[in-house]
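Reviewing the structure listed below.
Side chains are part of it too, since the values below use all heavy atoms of this structure and drop only hydrogens, waters and symmetry mates. Just so you know, ligand 1 is whichever comes first in the structure, and atom 1 is the first atom listed for that ligand.
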Amino acid sequence: MAGAGFYKQICSACHGAQGQGAGNVPSLAKGPTQQAKPGEVMWYITKGDLSNGMPSWAGLPEEQRWQIVSYVQSINTATAVPSMGNGSPAPGSELKSISAPPATPPFIDFRDEKPGTVRKITVNDLPKPFATQSAGNGPHVVPRPEGVWPQALPNFKVQLYATGLENPRLIRTAPNGDFLVAETEKGDIMLYRGITPDGKPQLSSVYASGLNKPFGIAFYPAGPNPQWVYIGNLDSVVRFPYKNGDVTASAAPQHIADVPGGTGHTTRDIQFSKDGKTMYVSVGSGSNVDDPDTHPAEKNRADILQFNPDGTGQKIFAYGIRNAVGLAIQPETGDLWCSVNERDALGDNLVPDYITHVRPGGFYGWPWWYTGPHQDPRHEGKHPELRDKAIVPDVLLQPHNASLEMTFYEGKQFPAEYKGDVFAAEHGSWNKATRVGYEVIRVPLHQTGKASGEYEDFLTGFVLPSGNPWGRPVGVTTALDGSLLVTDDGSNSIWLVTYTGK
Ligand code: HEC
């Protein structure tokens, strides 16, 4: 369990190797921590209790905090739990519906998600900060009950392409049609080839291992015969020599550039400009809302950086982008787009995550402003000169959705109206009282290459009526035959979506 390693590194110094506690430091192996809901423990460790000696762990990536919470809550029961580490639901109990009040449109929760439903959030819809309490409602991921399956519109078929992965994250299609998948925690890049008639890979292979939290994957140069595959590690960009057909890396990785590592958001995505002259690398913030003016660890973070493809010439391409997990190049215009996780702890319906094209030199608000000229109350009075510079992103998504990888659909299989649209994976909320996200969305561009602010539910059903999710979409990519592949680090699998309506 990944949480065990983090616990040892971060928590054991005070709470003891077995969570037994010592002196004024409480035991985690028994007492309140074992009785609390995972969300409550998450909330507590995120805030901390500084005046009593418990640090705030808000600076650790959310994912890492959840792994620690799962680990800590398993300490006293470590020998008795089944393989998922968080218990199996009693048969049928997950199918009983929760009774939380309905969401107020345009904001929704998982119960409202339905393939084909179009949504639009505008700046005028935003509540005031702290209109509702900040929730600690992390996912308790349960095994997928038999018969439960992701939902798409009629005429789309969903198949289970691959199972048994370990924490599959970003997925990208090579020019020859192979799929590379980052297994971030394990440090591996997996390769999958082909789609059999029953929707399975023809071949799978470990392409590379021993990487440091790999996430971004990019082939270079563009065209049918790339020579390199670039990988975004936590603190560096590396590249492997590559030729079509490779199933394992043919040489050790070359170091291309350092990027800021440290605590906080760990995903570094990579894209190359259409002319091949610029490499873009997204680097998320180290914290929820620390002010870079007074926190040197935030230098060159919450930015999209640019480099020459050889790693020289680092510059800031755009800034104030809290955590651009997914980058994509719009194939017609060559514009860079991104999919962004906004900040937490301002209430259920703030701050919208977003998908947007990125203006060179653009400022997107973090941490002093959000969604254009709205000041973050935790930075009252700071940087008034940036107020009118803060850009309102193109598509506002549900706050706390956790929008991850995005891709432009250039396939020929789906109906013509999908051509050029964006697909994006919404990993799902923790900071909202009733869960939202846990779906794949489509951003229709209506063949204009521009967003209208609308998005649409595309692939749903990853949360059970009980509110517990069994799956969490992370990555999306288009296969050469136009199918869509979706990685899911809740059920550790890859889903295949095909259009059957022709
Ligand atoms: C510097 C020492 C220190 C570190 C490091 C530390 N804690 Fe704590 N923790 C404390 C203290 C002291 C308390 C008691 C605070 C109080 O009195 O309210 C506490 C309380 C807690 C509680 C509440 C327990 C209860 O019974 O009320 C939890 C849960 C917890 N810590 C989890 C963690 C986790 C998880 C980590 C690692 C990410 C961690 N702590 C790291 C010192 C620490």
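If you look at Leu60 next to ligand 1, there are no close heavy atoms at all, none under 4.0 Å. Under 4.0 Å from ligand 1, not a single heavy atom of Arg65 appears. Looking at Tyr7 against ligand 1, nothing comes within 4.0 Å, counting heavy atoms. Residue contacts with ligand 1, taken as heavy atom pairs separated by less than 4.0 Å, involve Cys11 via backbone and side-chain atoms alike.
Numbered from 1 in the order shown, with element, the atoms of ligand 1 that lie under 4.0 Å from a heavy atom of Ile45 read 32 (C), 35 (C).
Distances from atom 24 (C) of ligand 1 to the heavy atoms of Thr33, Ile68, Ile10 put Thr33 nearest. Looking at Pro26, Ser56, Ala36, Gly48 and measuring to atom 13 (C) of ligand 1, the nearest heavy atom belongs to Pro26. Comparing heavy-atom distances from atom 27 (O) of ligand 1 across Pro55, Gly19, Pro32 singles out Pro32 as nearest.
Taking the six-membered ring for Trp and thresholds of 30 and 60 degrees, Tyr71 and Tyr7 have ring planes inclined between 30 and 60 degrees apart.
When ring centroids are compared, Tyr161 and Trp495 stay outside the 6.0 Å threshold.
Side-chain contact annotation: Asn137 with Arg435, donor-acceptor N/O pair under 3.5 Å present. Side chains of Glu298 and Ser287: a donor-acceptor N/O pair is present below 3.5 angstrom, by distance only.
For residues 280-304, the pairs satisfying ring-ring contact (aromatic ring centres under 6.0 Å, His included) are Tyr280-Phe317, with sequence neighbours left out.
The neighbour count for Lys382 NZ, taken as heavy atoms of other residues, nucleotides or ligands under 6.0 Å away, is above 12.
When each of Tyr319, Tyr370, Trp369 is paired with Phe363, the ring pair (Phe, Tyr, Trp, His ring centres under 6.0 Å) condition holds for Tyr319 and for no other.
Looking at Ser27 next to ligand 1, no N or O pair under 3.5 Å apart turns up.
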